[in-house]
Novice: 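First the structure, then my questions, so here it is.
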There are 2 protein chains.
Amino acid sequence: MAGVSTATVTRALSSPEVVRPATRERVREVAASLGYHPNRAARGLITGRTGNLGLLVPDLANPFFPSIVKGVQGRAHEADHAVFLADTDEDPAAEAGLVRKLAKQVDGMVLCSPRMAEAELRELAAEVPTVLVYRRIPGVPSVTAEFLDGMRQAVSHLVALSHKKIAYVAGPRSSWANRERVRSLRAVTRKSEVELTEFGNVAPQFHGGVSVADSVLASNVTAVIAYNDLVALGLLHRFAARGVSVPGDISVLGFDDIPLAEMVHPALTTVALPKEEAGQAGVDLLLDRKPAVRRELPTQLMVRGSTGPAR
Amino acid sequence: MAGVSTATVTRALSSPEVVRPATRERVREVAASLGYHPNRAARGLITGRTGNLGLLVPDLANPFFPSIVKGVQGRAHEADHAVFLADTDEDPAAEAGLVRKLAKQVDGMVLCSPRMAEAELRELAAEVPTVLVYRRIPGVPSVTAEFLDGMRQAVSHLVALSHKKIAYVAGPRSSWANRERVRSLRAVTRKSEVELTEFGNVAPQFHGGVSVADSVLASNVTAVIAYNDLVALGLLHRFAARGVSVPGDISVLGFDDIPLAEMVHPALTTVALPKEEAGQAGVDLLLDRKPAVRRELPTQLMVRGSTGPAR
DNA sequence: ATGATCACTGTAAACCTTTTCATCAACCGA
DNA sequence: TCGGTTGATGAAAAGGTTTACAGTGATCAT
């Protein structure tokens, strides 16, 4: 319709500088009037790139992940990429299969807190360009957060409030994030006067917190740091049910800063982890194709109502 | 490698019955040993089908949507389809663009609570096979819930608790779901002794509930039904801050049944809407290609701590 | 032995782009 | 005037699969 060959059309649309302005405009107008959009599948066939990204999350129902997905999604669209989403329902066995299935139609995968074993993860990373978010293994690009610094902020806050005995409610033993938190917490408390008691491991969910709340109360701690906000909310819930005052009787501190954290009463003091930013950074790493980069994003203690002076 | 043509390979893999068993097995073994998987893009080029689905949600940060996404995702994978996810960030203007961008690489789109105008929606539905979830317009397949019945359950519950004056906090005027709820509520209360006062419209979020809480208190209602759970949680939060007892002084009822609803204290009584089921039903409608089917899923009142006898 | 039928398999076209290479005209400097 | 550049364009190949059609050989009935 524009009186040119398909070659010129493709050039007018994807490398505008190489075609004469008059021709270019003519082609573009005709294309627009026809509602023509290049077929991405056909393009991918020859370029080898699909313009698609894959995103794997363990469980979208966990409020920590939707924000990350938003970050990935947003940045990907800015870069004109579409996003395949796969939710593994916390099944480590399903992860590799899903990744491989998607692998052929994506330029790269963002693996969010993958639960699978390190060896398998490394294999996958060799097959598809991969970026890990909230997991770190040597040689694979990853985005994580400064857990150590976050923990330092949390403990300083409690120390400033005169807490001497604090508890940590541990998440799943197999979780990389939990291992990191334990490690950071031990490192931080070792240098201070604080006495640390560890509970768990519990499921990283509301009911995990509920189930361990009474044990925590029975110990003589004045503050408790939970593996994550959901567990902290479970603690708060059970404490409220038992008539225990927060922060009067005990201070509660979470990790993640999910949206619910400021919706409950008292609002939850928590260490905010970057979520959208982590998703965005993951996409950046993937598209930049830098070799094995590692990014650590800052964390931020959000002081709210659930922490107060030690009783 | 199997000593056959590509045509036989493709047949051995996708229409096994038409090729001689011995050949079929040979081909399959070689394929497996080579780690061969058909290239979906190339296949899509000729079959016209991609094996992909598109899913559009207004805002993944709204806890109502992740469950729907899980439903879509799960059912799609069962049917061997991958899912593109697009989050519009509540921007109605962005919706059409995203749909069109994805349209070429999907067999169909699931549009979740789309905010765009009906006319535009109808145009899109003509371009791509489309299923609406939590929105209904004539002629387009859709999945919704029995709002009327849900409202009836809610009001009956309040009536049984002797409430005579109840409030409704309305969501966005432009929201289809809000219009449906108002309509249902009016229909239900008209037949009963209950006096209805309407507040709003507020943003369908936590702060929306917070901001309208004092007005609700100032009226003389003994119960309030919120547009959705987030708004209800905002009400609860503000009530707690003002020392108002729930359900002692006022009963609060939400809509949706998001996970947070049972995590707060008191836990929120709410009308549960099907979420995962809705997502699954959406995919089913899309893949079955029935003409313009309309499915209405049941709703269920979840009685929890936030409702009690009228004071 | 011949022709028809059948089950299976191969050939080649088609899907829609992008990209390499070639072509062509216009322009430049000598 | 001419060889060399340059810029714009077209022709054709390539990418991996599916499918309509044609072909092959075996089996069977005549």
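Residue numbers begin at 1 in each chain, while the letters A, B, ... track the order of the sequences. Remember, it's a predicted structure, so these values are computed and weren't measured experimentally.
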Novice: Under 3.5 Å, is there a donor-acceptor pair between the side chain of Asn228(B) and the main chain of Pro204(B)?
Specialist: yes
Novice: Test your reading of the model: is there a side-chain donor-acceptor pair from Asp229(B) to the backbone of Phe255(B), 3.5 Å cut-off?
Specialist: yes
Novice: Between Arg75(B) (side chain) and Gly279(B) (backbone), is there a donor-acceptor pair under 3.5 Å?
Specialist: no
Novice: Centroid-to-centroid, Phe84(B) to Phe84(A), below 6.0 Å?
Specialist: yes
Novice: Please determine whether the number of non-hydrogen atoms from other residues, nucleotides or ligands lying under 6.0 Å from atom CZ of Arg295(B) exceeds 12.
Specialist: no
Novice: So, Arg181(A) and Asp256(A), do they make that salt bridge, N to O below 4.0 Å?
Specialist: yes
Novice: Which residues in residues 11-20 of chain A have at least one heavy atom lying under 4.0 Å from any atom of DNA chain C?
Specialist: Arg11(A)
Novice: Looking at residues at least two apart in the chain, or sitting in another chain, which of them share a salt bridge (Lys or Arg N to Asp or Glu O under 4.0 Å) with Asp288(A)?
Specialist: none
Novice: Heavy-atom count check: over 12 atoms from other residues, nucleotides or ligands less than 6.0 Å from Arg49(B) CZ?
Specialist: no
Novice: Under 4.0 Å between a Lys/Arg side-chain N and an Asp/Glu carboxylate O for Glu95(B) and Arg115(B)?
Specialist: no
Novice: With Glu296(A), which residues qualify under salt bridge (Lys or Arg N to Asp or Glu O under 4.0 Å), at least two apart?
Specialist: Arg136(A)
Novice: Contact list please: residues 1-8 of chain B against DNA chain C, heavy atoms, distance less than 4.0 Å, in numerical order.
Specialist: Gly3(B), Val4(B), Ser5(B), Ala7(B), Thr8(B)
Novice: Consider only side-chain N and O atoms of Ser142(B) and Tyr134(B), and report whether a donor and an acceptor are under 3.5 Å apart.
Specialist: no
Novice: Is the closest basic N to carboxylate O distance between Asp87(B) and Lys70(A) below 4.0 Å?
Specialist: yes
Novice: Between protein and nucleic acid, restricted to nucleotides 25-28 of chain D and to nitrogen or oxygen atoms under 3.5 Å apart, what atom pairs and distances do you find?
Specialist:
none

Novice: Tell me, which of residues 22-52 of chain B have any heavy atom that sits under 4.0 Å from an atom in DNA chain C?
Specialist: Thr23(B), Leu45(B), Ile46(B)
